[in-house]
K.L.:
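To start, I am sharing the structure in question, which I have written as C-alpha cells.
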Number of protein chains: 2
Amino acid sequence: MSAADLAYHRGMGRWEPNGRGRLAQAALDLYVERGFDQTTVAEIAERAGLTERTFFRHYADKREVLFDGAATLQQLMVDAAAAAPEAASPLEATAAALDALGEMFDGRRDFALRRHSVISVNPELQERELIKLARLTEAIAATLRERGVGEPAASLTAQAGIGVFHVSFQRWVAPGETRKLDELMREGLEELKAVIR
Amino acid sequence: MSAADLAYHRGMGRWEPNGRGRLAQAALDLYVERGFDQTTVAEIAERAGLTERTFFRHYADKREVLFDGAATLQQLMVDAAAAAPEAASPLEATAAALDALGEMFDGRRDFALRRHSVISVNPELQERELIKLARLTEAIAATLRERGVGEPAASLTAQAGIGVFHVSFQRWVAPGETRKLDELMREGLEELKAVIR
DNA sequence: ATAGGCGAGGTCAGCGGCTGACATCGAGCG
DNA sequence: CGCTCGATGTCAGCCGCTGACCTCGCCTAT
C-alpha cells in the first residue's frame, strides 16, 4: 500500500464512516493527478479503502462522482426563483436564481477550478455537464410555469438565464480573470439584452 | 441468416460498396426496433454484413452513428451566417443560419422523427446531442467574431439562437404539431425578444 | 443479554464497448 | 504479372458496469 493511500484510510475498518465522501475525494484527486481516462474505478476504490463494486453502489458511473452537487444546486436555484416577488418578470425571477448560484460558487472557487480543470479536457465529462445544465434549465422553466408564465416563454427565459451563466462561468475560470461570478453574470445579462433587439 | 438481413447485403462480398452507409442504416433500424441499450454493436455489424471491428473504424462509438450529419449541418449554418449582409446585426446573421437549418429539416421530417424517437428515450444519446449543439453554438459564435462581433456578445447571441432552435425543435416533433420548423423558430425568436427586456 | 433485522460492504462471474496488433483480401497500377 | 495500398477480418485483452449471493456488525425489541 502506498503512502498516499494511508491518508485516506489509515486504520479504517470495513465500517469506517463516509465511504461515499472518501470515494468522491479519491476520485477527484486521481482525476487531477493522472487524468480521467488514466484512472480506473478499481484504483479509486482502492484509494478510498473500498471495492470497485461499492463505488457503483454510490455512483451510477465513473463520471457521476464529479456531479454529485448538481441536485443541491438545482434546489437552490429553483427555491430562489420561486421566492421572487410575485410582481417580478420571468427574467427577474431567473436572475434571482442566478444570484443564488453566484453566491454559492464564489465561496468555492478553489474546488470549482480543480473540478473544471478535469472536465475541460474531457469530452465525456463535458457531455455530462451539459445534460446537468439542460435538466437545470428544465427545472427553472417548470418553476416559471408555476409562476404563471406560458410556453415557449418559460423555456426560452430559462435557457437565456442558463446561457448567461454558462458564458459567464467560462470567463470566471479563465486565467487572469479577477471579477466575481455574480458580477460577470450581471454584465452578461445586460449584454444579452443589448444584443437581442 | 434472417430475411431482414438479406435486404442489407444480398450477395454482398467483402468489398461491397458503402459499408459506412449500411452500418448507419442497420444501426438506426435496430435502435428503433429494439432500443439503443438492447442493441449490440456486433448485431449492427452483422446486419450490415460486416464485423464489429469495422463498425469502430467508421464510427468512434456506438452513439456517433446517429450524429453523422452534424458536421454537414454545422457547415450549412456557418456558411449561412457568414453570407449574411455585412450590415446585418449579430442576431440577424444568426437568424439566417436558423433559416438554413429549418429548410434542411423540413425536407427530412420522417428521418428526424425516427431519429428523435430513439434519442428522446435515452440519456446517453441526449448527452451526445447536447455536446453537438454546444459545438455548433461555438462554431456560430466564431463566425460572428469573424464578422467583428466582440465577446461576450458573440457567444450570447449564438446561444440564444441555438436555444431558440432547441425549443422550437421540441415543439416541431411534438405529437399533433403541424406548423413548419422555420415558422416555429421565427415565432420563438419573437417570443425571446419579448421576454428579454 | 441476545436474536434477528437490516443496511453497508465484499466476492465472483460475466457481458459488452472499445482498442491494438497483425493477417488478409482485392482493386488498380506500373 | 507482381506490387502497393486501403478496407476488412481475426484475435486477445482491458475496463466499465451489473446481477446474484454472501458477510459483517450495529440496533432494537423482547
K.L.:
Please confirm whether the shortest side-chain N or O distance from B:Thr51 to OP1 or OP2 of D:dT8 is below 4.0 Å.
P.N.:
no

K.L.:
Could you give the CZ-to-P distance, from A:Arg34 to D:dC15, as a whole number of Å?
P.N.:
11 Å

K.L.:
Would you indicate which nucleotide in C:dG17, C:dG10, D:dG16 comes nearest to any side-chain atom of A:Thr40?
P.N.:
D:dG16

K.L.:
Rounded to whole angstroms, how far apart are NZ on B:Lys62 and P on D:dC17?
P.N.:
13 Å

K.L.:
Rounding to an integer number of Å, can you tell me how far A:Glu52 CD sits from D:dG16 P?
P.N.:
7 Å

K.L.:
List the steps and the verdict of side chain to side chain donor-acceptor pair (under 3.5 Å) for A:Gln25 and A:Asp29.
P.N.:
CA-CA 6 Å; A:Gln25 184 69 49; A:Asp29 288 354; 3.2 Å; yes

K.L.:
Taking only side-chain nitrogens and oxygens of B:Thr54, does any of them come within less than 4.0 Å of OP1 or OP2 of D:dG9?
P.N.:
yes

K.L.:
Stepwise, does the salt bridge (Lys or Arg N to Asp or Glu O under 4.0 Å) test hold for A:Glu183 with A:Lys180?
P.N.:
CA-CA 5 Å; A:Glu183 184 185 344; A:Lys180 300 211 300 182; over 6 Å; no

K.L.:
With nearest nucleotides of DNA chain D determined for A:Arg53 and A:Asp37 from heavy-atom distances, which residue corresponds to the more 5′ nucleotide?
P.N.:
A:Asp37

K.L.:
Using a 4.0 Å heavy-atom cut-off across all strands, classify A:Ala60 as base, sugar-phosphate, or nothing.
P.N.:
sugar-phosphate

K.L.:
May I have the distance from A:Arg20 (atom CZ) to C:dG9 (atom C1'), rounded to whole angstrom?
P.N.:
15 Å

K.L.:
Between atom CD in B:Glu43 and atom P in C:dC15, what is the gap in whole Å?
P.N.:
14 Å

K.L.:
Could you tabulate the donor-acceptor pairs under 3.5 Å formed by side-chain atoms of residues 161-174 of chain A, not counting sequence neighbours?
P.N.:
unit_1, atom_1, unit_2, atom_2, d
A:His166, ND1, B:Gln159, NE2, 3.3
A:Ser168, OG, A:Val164, O, 2.6
A:Arg171, NH1, A:Glu187, OE2, 3.4

K.L.:
Without decimals, in angstroms, what is the distance between A:Phe56 CZ and C:dC15 P?
P.N.:
18 Å

K.L.:
Check whether B:Phe67 forms a cation-pi arrangement with B:Arg115 (NZ or CZ under 6.0 Å from the six-membered ring centre, at most 45° off the ring normal).
P.N.:
yes

K.L.:
Return whichever of A:Val41 or A:Arg57 has its heavy-atom-nearest nucleotide of DNA chain D closer to the 5' end.
P.N.:
A:Val41

K.L.:
Side chains of A:Gln75 and A:Asp79: any donor to acceptor distance under 3.5 Å?
P.N.:
yes

K.L.:
Just the rounded figure in Å: distance from C1' of C:dG16 to CD of B:Glu46.
P.N.:
15 Å

K.L.:
In this structure, how many angstroms lie between the C1' atom of C:dG17 and the CZ atom of B:Phe36, rounded?
P.N.:
10 Å

K.L.:
Quick one: is D:dA7 close enough that its OP1 or OP2 comes under 4.0 Å of any side-chain N or O from B:His58?
P.N.:
no

